[in-house]
Amino acid sequence: MGGRWWLAALACLAVFLGTQYGYALWNPFINDDYIFLDRVRDASFASLWRLDRPLFHWWRPWSRELHYWTLQHLAGAREPAFHAASFALWLAILALYLGLARRLAGPRVAAVATAGAAALGAWGVPLVWVAGVQDLWMLCGALLALHAAARDRWGLAAAGVALALLSKETAAVVPAIVLCWPLIVERRPPRDVLRRAWPVLAVCVAWVIVHPSLGGRVWQPRLAPPGGPGEIGHSAAFVLWRTARMLVNLDLVPRPADGWGGAIGRAWPGALALAGLVAWGAMSESRPSSKPAAPAAPAPTVPPRARVAAFGLAWAVLGILPLLSPWIRWHPYYGLLGALGAWLAIAVFVARFWIPAAVLVAALAILRGGQAYTPWLDWWTEWLEHRAGYFLGVMRDDLRRHVPSPPPHSRFYFVQVPSHAGFLTEGAPALRIWYGDSTLTGGFFRDYTPPPANRVSGVDRFFRYDSLAGWIELAPGDTTIPPAPDERWSRDVHELGRTFARASDWGRAASEYERLARAHPDDAGQALEAGVARALAGDVGRAMEWLARAGANPAASDSVRAMTRDLMHQLRPDASRPGGH
């Protein structure tokens, strides 16, 4: 039964993965992905493990730097390769989990636990967003450590724990989960467990000492603790309530945008695949094997189910402890480690009635399909990751059409970018990845600064995003004035002028205000702004011309006339002399 059983079980998981998440293979990089890709693109292997500059104060050299560095060197910055790696990791995690549960409680419980865990909507973010690979690597390391502990291979268990810790800090509870195996499942004395498991404990202590935001702060005091101003913890009641709902895909009440008909239509193949996995596990356990077991390799002793449930419950409790940290905001995928333990305990009780268990798992898969298409502007939802990927793909392709090959050292500035699109992080690393040029930079209009005096190449490009037309380039210094300038054109030119004025780039600001003044000759205020900008740019002659034009405008208000007289008096060469008028 061994080989055929595994092939059928993995086929069910693969069908579920392909039918429910296959679209994610082409989902563009989002947000943090560009930061990681930009960081490691030209990095040396040794630099991937540096302790002195962890991104966001988290040190995850395996799941971030090494993962992105390896795949970028092998496949370039191409999304399908990165998503395929995440898919492979997900299958590996579920296969390891299935094997562990089967060892503990037999194929029926293993199939129910694995199908229930696979149906969790919390997998959406790790599978749709490439950066979710950090959680996948952490879970993979944790399960490898548990398999090694089950075989009394504590050196290998320590390696699995190290892999988990170097992938995500929430793995700090993994050593405790691993120790629960000999303590609860095998009923070994604590002293014997500590004597055997010392490599796991040594790895954990070494990680705490080395981690730059933990023990490393003693010898690198410049580093801040993990977390940030927008990250706050939650009460224990909140964490427990949301995590319990996450186990049955109700942490976000499903309200699919296109209705339940569309959600069920997309989810039913995956629901059938997971229900088939439950049925296969039940039939495999009830059907006697046609091959006698080899006496040289006896099957491991199956512990009592109450002990398995106790181990699953301990795993679940330890797994959700990191969510009580004051530095972590609750997200469903943070609870996946604990959810694996919880579903092991749940399966012990529901697997004996395999038909209701199959219906339960299928219902969870349908709820997952509803959640996946429920609009919710939060980065922990699959819907937002999918939406952000769509917008990023459109914006990337449209920008490349406008600017196929920007000169080196060019700078791009953007305004009215769609919210929650995951495009512009500090320095705009997405541009460097899209164009394969490490010299490009960018930001929002508010980030503009005058170009350095020694810049020998590159240009500044300015774009506004329009929901219907895509990127619209605003060309500073363009003297062309439309025959009938509309309000949109005027707002664009004024936005450029204000951008340059904010950065004290008064020469460029004056050019934009002059365009507005020429386009609206009856507006004295536009001429006044042009005069002020020219004066601040040091061009007194042209400033006086515009101020005079503003003061002589028949439509000028008394306050505008008074202001122009004041400014012109201050700008006259003899105004600063004693007795000058």
Side-chain angles (χ1 to χ4, degrees), residues 21-43 47-48 53-90 123-139 166-169 228 331 333-334 377-400 412 414 417-438 440-443:
Y21 296 103
Y23 75 90
L25 280 171
W26 291 271
N27 208 53
F29 295 118
I30 303 169
N31 218 341
D32 295 354
D33 293 328
Y34 293 112
I35 298 175
F36 303 151
L37 288 165
D38 190 47
R39 163 72 75 93
V40 304
R41 195 171 66 137
D42 299 316
S47 69
L48 305 178
R53 49 172 192 160
L55 286 167
F56 313 122
H57 307 297
W58 301 117
W59 186 57
R60 302 168 183 173
W62 184 280
S63 64
R64 288 197 317 204
E65 281 82 358
L66 181 62
H67 180 85
Y68 281 81
W69 181 86
T70 301
L71 288 180
Q72 193 168 196
H73 277 72
L74 291 175
R78 295 181 177 88
E79 290 93 342
F82 284 79
H83 287 299
S86 295
F87 283 18
L89 276 172
W90 184 86
W123 293 109
V125 171
L127 287 172
V128 176
W129 186 13
V130 172
V133 76
Q134 298 166 87
D135 290 88
L136 298 178
W137 271 118
M138 183 271 289
L139 294 169
L166 293 175
S167 297
K168 196 161 187 177
E169 284 74 7
H331 296 308
Y333 56 95
Y334 288 174
L377 289 177
D378 197 306
W379 285 110
W380 58 263
T381 60
E382 182 180 342
W383 178 86
L384 184 57
E385 301 297 341
H386 192 188
R387 171 190 180 272
Y390 169 78
F391 272 112
L392 271 174
V394 171
M395 290 190 292
R396 175 194 60 200
D397 296 342
D398 193 39
L399 188 65
R400 284 173 170 172
F412 290 72
F414 305 91
V417 177
S419 63
H420 293 85
F423 165 40
L424 274 184
T425 51
E426 185 176 356
L431 297 173
R432 296 188 282 279
I433 301 304
W434 290 353
Y435 288 104
D437 185 345
S438 61
L440 302 180
T441 57

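Just so it is clear, the values below take in all heavy atoms, side chains as well, and ignore hydrogens, waters and symmetry mates. Note that the structure is a prediction, hence the values are computed from the model and not measured.
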Quiz item: Between Asp33 and Trp129, is any side-chain donor less than 3.5 angstrom from a side-chain acceptor?
Solution: yes

Quiz item: For the atom pair CG (Leu71) and CG (Leu74), what is the distance rounded to the nearest 0.5 Å?
Solution: 6.5 Å

Exercise. Going by the side chain to side chain contact (heavy atoms under 4.5 Å, CB included) test, name the single residue among Phe36, Phe82, Trp434 that passes it with Phe29.
Key: Phe82

Practice problem: Using a 4.5 Å cut-off on heavy atoms from C-beta on, say whether the side chain of Val130 contacts that of His83. | Solution: yes

Self-check item: Distance-minimising heavy-atom pair for Val40 and Gln72
Solution: CG2-NE2, 3.6 Å

Quiz item: For the residue pair His73 and Trp69, does the interplanar ring angle fall in the parallel (under 30°), tilted (30 to 60°) or perpendicular (over 60°) class?
Solution: tilted

Quiz item: Excluding sequence neighbours, so at least two apart, what forms salt bridge (charged side-chain N to carboxylate O under 4.0 Å, His left out) with Arg60?
Solution: Glu169

Exercise. Could you please spell out the steps behind the side-chain contact (heavy atoms from CB on, under 4.5 Å) verdict for Leu377 and Leu384?
Key: CA-CA 6 Å; Leu377 289 177; Leu384 184 57; 3.8 Å; yes

Quiz prompt | Which atom of Ala43 lies closest to which atom of Leu48, heavy atoms considered | solution = CB-CD2, 4.1 Å

Quiz item: Between atom OG of Ser86 and atom CG of Asn27, what is the distance when rounded to the nearest 0.5 Å?
Solution: 11.0 Å

Quiz item: If you round to the nearest 0.5 Å, how far is CH2 of Trp58 from OG of Ser63?
Solution: 12.5 Å

Exercise. Report yes if the side chains of Leu66 and Pro61 come closer than 4.5 Å at any heavy-atom pair, otherwise no.
Key: no

Self-check item: Phe423 ring center near Phe414 ring center (under 6.0 Å)
Solution: yes

Exercise. Tell me, please, which residues at least two apart from Trp137 pass side-chain hydrogen bond (donor to acceptor under 3.5 Å, both in side chains).
Key: His67

Exercise. Take Trp123 and Leu136, measure what side-chain contact (heavy atoms from CB on, under 4.5 Å) needs, and give me the verdict at the end.
Key: CA-CA 9 Å; Trp123 293 109; Leu136 298 178; 3.8 Å; yes

Quiz item: Around Trp62, counting heavy atoms of other residues, nucleotides and ligands shown, do more than 12 lie under 6.0 Å from its CH2?
Solution: no

Quiz prompt | Test: Asp437 and Arg432 ion pair at under 4.0 Å | solution = no

Practice problem: Test His386 against Tyr23 for ring-ring contact (aromatic ring centres under 6.0 Å, His included), laying out the working first. | Solution: CA-CA 9 Å; His386 192 188; Tyr23 75 90; 4.4 Å; yes

Quiz item: Do Tyr34 and Leu392 come close enough that some side-chain heavy atom pair is under 4.5 Å?
Solution: yes

Exercise. Quick one: list whatever passes salt bridge (charged side-chain N to carboxylate O under 4.0 Å, His left out) with Asp398, sequence neighbours left out.
Key: Arg401

Quiz item: Who passes salt bridge (charged side-chain N to carboxylate O under 4.0 Å, His left out) against Asp32, sequence neighbours left out?
Solution: none

Quiz item: Would you find a donor on one side and an acceptor on the other, under 3.5 Å apart, between the side chain of Tyr68 and the backbone of Ala131?
Solution: yes

Practice problem: With sequence neighbours excluded, tell me which residues meet side-chain hydrogen bond (donor to acceptor under 3.5 Å, both in side chains) with Trp90. | Solution: none

Quiz item: Got Leu55 and Arg64 here, is their nearest side-chain heavy-atom distance under 4.5 Å?
Solution: yes

Quiz item: Crowded around Arg400 CZ? As in, over 12 foreign heavy atoms under 6.0 Å?
Solution: yes

Practice problem: With sequence neighbours excluded, tell me which residues meet side-chain hydrogen bond (donor to acceptor under 3.5 Å, both in side chains) with Asp397. | Solution: none

Quiz item: Which heavy-atom pair separates Leu431 from Leu440 by the least distance, and what is that distance?
Solution: O-CD1, 4.0 Å

Quiz item: Would you say His331's side chain and Trp380's backbone share a donor-acceptor pair under 3.5 angstrom?
Solution: no

Quiz item: Closest heavy-atom contact between Tyr21 and Phe87?
Solution: O-CZ, 3.1 Å

Quiz item: To the nearest 0.5 Å, how far apart are CG in Asp38 and OG in Ser438?
Solution: 8.0 Å

Practice problem: May I ask you to test the Thr441-Phe412 pair for a side-chain heavy-atom distance under 4.5 Å? | Solution: no

Practice problem: Indicate the atoms forming the closest heavy-atom contact of Gln134 with Lys168, along with that distance. | Solution: O-CB, 4.2 Å

Quiz prompt | Heavy-atom closest pair, residues Ile30 and Glu385 | solution = CD1-O, 3.4 Å

Quiz item: Quick one: does Val125's side chain get under 4.5 Å of Thr381's, heavy atoms only?
Solution: no

